[in-house]
Amino acid sequence: MLALRSVAARRGPRLARLLSTTTRVQADDKAPPSAKKGLFTDMQRKNVLSALSPFQDVAEADGPPTAGGSKFPIAPTSGAPPTAAPSDSQTVPSPEVAVTPPTRTKKNPLIQENDRSKLPHYRIYCRSSNNNTIITFTDERGMPIAWSSGGECGFRGTRGSTPEAAYAAAVKIIAVVSAKYHNEESEKFLVDLYLSGFGHGRVTFIQTLAAPEGETIRHLLSTVTDKTPIKIGGTRAKKARRI
C-alpha cells in the first residue's frame with residue numbers, strides 16, 4: 001500500500017486525494033454507522049481501486065519499475081544507446097560450435113598420371129655448322145632414336161648448310177617425335193632442346209618449331225639450352241681458307 005501511495009503521488013494530486021480517502025475508509029470500517037457519514041461506500045471504493053489497477057504491478061515491486069513487469073517506458077541509461085533484442089530472422093553464432101576446416105579432396109589419378117614433373121625428358125640435339133645441319137633425337141639416357149641432316153635429305157655439297165636443308169631435316173625429326181609420343185605402346189615424355197653452333201640451320205630449326213609444322217610437339221618442350229662452346233684465348237685459330 002505504501003508503494004501504491006508513492007506511485008499515485010507521482011502521477012497526480014487527484015489520485016493522491018482519492019487514495020488518502022480510501023485509506024481513511026479502510027481505517028474506519030469498524031467505526032459505528034454514525035461515524036461513517038460522508039465516507040466512500042464499498043462500491044465507490046472498488047471503483048477507485050479499479051482506477052488504480054494499472055499501478056498494481058508497480059506496487060507489488062519494492063522499488064522503481066523494472067523492464068520486465070512495468071507498463072511504463074523506462075529511459076535508457078546514460079552512456080550507452082538502447083539495444084534491440086535480436087529477432088528470429090537474425091542468427092547469432094554460438095561460441096560453443098566448433099568450426100570444422102574444409103576437407104581436402106584427393107587428387108585426380110589422371111592428373112597424377114600425366115604429371116609433368118614425373119615424365120621422362122627426351123632430348124633433341126641440333127648441331128649447325130657452316131657445311132651441314134645435324135639433328136638427333138635421343139631418349140632420356142642419351143641413346144639415339146632417330147637422326148636427320150641436310151645431306152640425308154638430298155642436299156649435297158655446300159647446299160647442306162642452307163636454311164632449306166635445315167628445314168627439311170627439322171620436319172623429318174618433328175614427324176618422328178610426334179609419332180613416338182602419340183604411339184599408344186610408348187610412354188609419355190617431355191623434350192629438352194640443345195643447340196650447338198652458329199650456322200644457318202640453328203635459327204631455321206627454331207622457326208620450324210614455332211611454325212605450324214611444329215605444333216604437334218611444341219607443347220612437349222621443357223627446356224632450351226645453348227651448348228655452343230665459346231673460345232676465350234685458347235689455341236691458334238685455323239688458317240683462313242683462300243680461293
Side-chain angles (χ1 to χ4, degrees), residues 104-243:
R104 296 183 178 179
T105 57
K106 295 183 179 180
K107 293 184 178 180
N108 192 343
L110 297 177
I111 299 178
Q112 293 181 354
E113 182 180 356
N114 298 329
D115 191 0
R116 294 176 66 91
S117 62
K118 297 181 181 180
L119 294 178
H121 288 247
Y122 283 40
R123 308 171 190 174
I124 295 179
Y125 293 92
C126 177
R127 184 179 183 274
S128 58
S129 63
N130 294 331
N131 300 321
N132 200 0
T133 300
I134 303 174
I135 305 174
T136 307
F137 174 54
T138 68
D139 59 5
E140 58 182 342
R141 297 177 297 175
M143 303 300 294
I145 299 175
W147 60 90
S148 178
S149 65
E152 186 182 5
C153 295
F155 295 88
R156 301 298 178 183
T158 58
R159 296 178 60 206
S161 61
T162 57
E164 292 79 6
Y167 173 79
V171 170
K172 183 178 180 179
I173 286 297
I174 290 175
V176 173
V177 175
S178 178
K180 177 73 174 177
Y181 180 80
H182 293 93
N183 189 4
E184 297 180 357
E185 298 179 357
S186 62
E187 61 180 355
K188 303 301 179 181
F189 56 86
L190 299 177
V191 175
D192 294 336
L193 177 61
Y194 296 92
L195 303 175
S196 178
F198 295 104
H200 296 286
R202 172 193 181 99
V203 179
T204 303
F205 181 67
I206 296 176
Q207 291 177 351
T208 306
L209 289 175
E213 291 83 352
E215 187 176 0
T216 56
I217 68 169
R218 193 183 308 148
H219 65 283
L220 301 179
L221 290 177
S222 178
T223 59
V224 178
T225 307
D226 190 355
K227 298 184 65 176
T228 304
I230 300 176
K231 181 179 68 172
I232 302 175
T235 60
R236 182 179 177 177
K238 188 178 178 178
K239 181 180 66 173
R241 182 183 178 185
R242 298 179 185 275
I243 300 177

Heavy-atom neighbours of E140 CD exceed 12 at 6.0 Å: yes
Minimum heavy-atom separation for [X] to [Y], with atom names?
| X | Y | answer |
| --- | --- | --- |
| S196 | P229 | OG-CD, 4.5 Å |
| C126 | G201 | SG-O, 4.3 Å |
| P144 | T138 | CA-CG2, 3.7 Å |
| A165 | R159 | CB-O, 3.5 Å |
| I124 | F137 | CG1-CD1, 3.8 Å |

Does a side-chain heavy-atom distance below 4.5 Å link [X] with [Y]?
| X | Y | answer |
| --- | --- | --- |
| F205 | I135 | yes |
| I206 | L195 | yes |
| Y122 | V177 | no |

In Å and rounded to the nearest 0.5 Å, what is the [atom1] to [atom2] distance from [X] to [Y]?
| X | Y | atom1 | atom2 | result |
| --- | --- | --- | --- | --- |
| L119 | F189 | CG | CZ | 10.0 Å |
| N183 | E185 | CG | CD | 5.5 Å |
| I174 | L220 | CD1 | CG | 11.0 Å |
| R218 | T208 | CZ | OG1 | 11.0 Å |
| R123 | T223 | CZ | OG1 | 10.0 Å |
| Y194 | T228 | OH | OG1 | 13.5 Å |

I217 and L209: CA distance, side-chain angles, deciding distance, side chain to side chain contact (heavy atoms under 4.5 Å, CB included) verdict: CA-CA 8 Å; I217 68 169; L209 289 175; 3.9 Å; yes
Without swapping roles, check the side chain of [X] against the backbone of [Y] for a donor-acceptor pair under 3.5 Å.
| X | Y | value |
| --- | --- | --- |
| S186 | K180 | yes |
| N132 | G150 | yes |
| S161 | N130 | yes |

Parallel, tilted or perpendicular, as decided by the 30° and 60° cut-offs, for the rings of H219 and Y181: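 Rings of Y181 and H219: perpendicular, as their planes differ by over 60°.
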Pair R202 + D226, salt bridge at N-O below 4.0 Å: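 Looking at D226 together with R202, the answer is yes, because their closest N to O distance falls below 4.0 Å.
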